[in-house]
Amino acid sequence: MSTEPATAPLLIACALGIEHFALRTGERGGAGGPVTLLRTGMGPKAAERSVTRRLTDPALAGAAVLATGFCAGLAPGMHPGDLVVAEETRDPDGTVPCVETDLLVKELVRAVPGRTVHTGPLTGSDHVVRGHERSELLATGAIAVDMESAATLLSAVRAGERPVAAVRVVVDAPQHELVRIGTVRGGISAFRVLRSVLPAFYEWHRSLLLPRR
C-alpha cells in the first residue's frame, strides 16, 4: 500500500512578523506530514506573490494550505481573542470554499477552551477596515475581514487542486477598535490565542489524510 498520503505537506501562511512569532513559539509536533510556516508579508498582493512562489516547490506539491493570523471582527458581540473559522473566503477576484470547517471548530474549542469560535464568510480587503466600512462589509454577510486570507486561498487553488482553510483570531471588533497590535489588552489576548491554535491545525491536516468512506 502506498504511504504517500501519510507525508502530505501542510503550508500555514500568515502575514505579519508578530503572527509568525506567535505561531513559531507555539509550534509543536503532531502534524500528519511536513509543515511549512510561511510569512507572506502584508496585503493581498504580497500574499499572492509569496504563496504562488512557495507552491512551485516540488516538496509542496498538493500541499494543504491554511491561512491564519489576526483579523477584524465585523459582527456585534465579537471580542478580541475570539476565533473565526471561514466557511469561505471572498474578495473581488473570487470566492474559495473551505474544507472540513466543522472539524476545525471542534479542535479549536479543544485547543483554546473558553474562547468563542465564529463561523461564516471571511472577506478580503486591501487596507485596514475601520468605522462605517465594518457595517458595509457585515451587510454582505461576512463576519470578519483581513487582508491576506482570500488572496492566499485563491492563489493556492489556482496553483493546483488542494484542501484549503482559513482561521483567524479577532484582534479588534466594532466595540473594541485597536489602534496598534500589541499595545493594548486586545492585541495581547489575540497573540496568546494564536500561540495555541497549532494543535487544531494539525488535527485538521491529519483528518485530510484519512481514507474517505
Side-chain angles (χ1 to χ4, degrees), residues 4-17 19-20 22-24 26-71 83-105 107-108 111 119-125 144-169 194 197-210 212:
E4 183 178 352
T7 59
L10 170 63
L11 176 66
I12 300 173
C14 64
L16 303 177
E19 296 167 339
H20 189 270
L23 292 163
R24 188 163 46 82
E27 195 165 357
R28 66 206 74 179
V35 178
T36 297
L37 182 57
L38 173 67
R39 179 185 173 188
T40 65
M42 189 169 68
K45 294 299 184 185
E48 178 184 1
R49 287 193 299 267
S50 185
V51 171
T52 300
R53 182 172 59 247
R54 198 69 180 87
L55 289 176
T56 62
D57 185 345
L60 289 174
V65 174
L66 194 151
T68 194
F70 302 129
C71 71
L83 287 144
V84 172
V85 174
E87 293 175 343
E88 64 182 28
T89 59
R90 48 166 85 154
D91 70 7
D93 292 326
T95 298
V96 179
C98 297
V99 173
E100 297 281 1
T101 55
D102 288 347
L103 177 70
L104 268 172
V105 171
E107 294 300 333
L108 286 166
T119 60
L122 176 62
T123 195
S125 174
V145 57
D146 75 86
M147 290 194 287
E148 297 84 24
S149 291
T152 292
L153 298 200
L154 191 58
S155 300
V157 297
R158 283 176 173 171
E161 185 176 351
R162 68 189 72 247
V164 294
V167 175
R168 289 276 171 169
V169 182
L194 191 59
V197 296
L198 281 173
F201 296 174
Y202 294 160
E203 287 298 326
W204 174 79
H205 184 222
R206 273 198 293 268
S207 80
L208 302 174
L209 310 178
L210 297 175
R212 294 291 181 253

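Residue P9 comes nearest to L60 through the heavy atom pair CB-CD2, 3.9 Å, listed as atom of the first residue, atom of the second, then distance. V169 and L194 get closest at one heavy-atom pair: CG2-CD1, 4.0 Å. Taking all atoms of both residues into account, the shortest heavy-atom contact from A200 to L104 is O-CD2, 4.1 Å. Across every non-hydrogen atom of R24 and L37, the tightest pair is N-CD2, 4.0 Å. When all heavy atoms are compared, the tightest approach of A86 to T101 is O-CG2, 3.3 Å. Heavy-atom minimum distance, C71 versus V84: SG-CG2, 4.1 Å.
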Run the numbers on V105 and L83 for side-chain contact (heavy atoms from CB on, under 4.5 Å), then give the verdict. CA-CA 9 Å; V105 171; L83 287 144; over 6 Å; no
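In this structure, the side chain of E19 engages the main chain of F70 through a donor-acceptor pair within 3.5 Å. Side-chain atoms of T68 do not come within 3.5 Å of backbone N or O of R168 as any donor-acceptor pair.
Under the side chain to side chain donor-acceptor pair (under 3.5 Å) criterion, R54 pairs with D57, not counting sequence neighbours. Scanning for side chain to side chain contact (heavy atoms under 4.5 Å, CB included) contacts around A67 gives S149, T152, L153, A166, with sequence neighbours left out. Applying the side chain to side chain contact (heavy atoms under 4.5 Å, CB included) test to R162 and every residue at least two apart in sequence or in another chain returns L55, A63, V65, A156, A159, V164. Applying the side chain to side chain contact (heavy atoms under 4.5 Å, CB included) criterion to A64, with sequence neighbours excluded, gives L10, P163, W204, H205, L208. Residues satisfying the side chain to side chain donor-acceptor pair (under 3.5 Å) criterion with E88, sequence neighbours excluded, are R90. Under the rule for a salt bridge (charged side-chain N to carboxylate O under 4.0 Å, His left out), D93 has no partner lying at least two apart in sequence or in another chain.
The shortest side-chain heavy-atom distance between D102 and T119 does not fall under the 4.5 Å cut-off. Within the 4.5 Å cutoff, side-chain heavy atoms of I12 are placed close to those of L198.
For the atom pair CG (L154) and OG1 (T52), the distance works out to 9.0 Å, reported to the nearest 0.5 Å. Distance check, rounded to the nearest 0.5 Å: OG of S125 to CG of D146 gives 9.0 Å. To the nearest 0.5 Å, the span separating CG on L122 from OG1 on T95 amounts to 11.5 Å. A distance of 10.0 Å separates OG1 of T40 from CE of M147, quoted to the nearest 0.5 Å.
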Name every donor-acceptor pair, under 3.5 Å, that has one atom in a side chain of residues 42-50 and the other anywhere in the protein, sequence neighbours excluded.
none

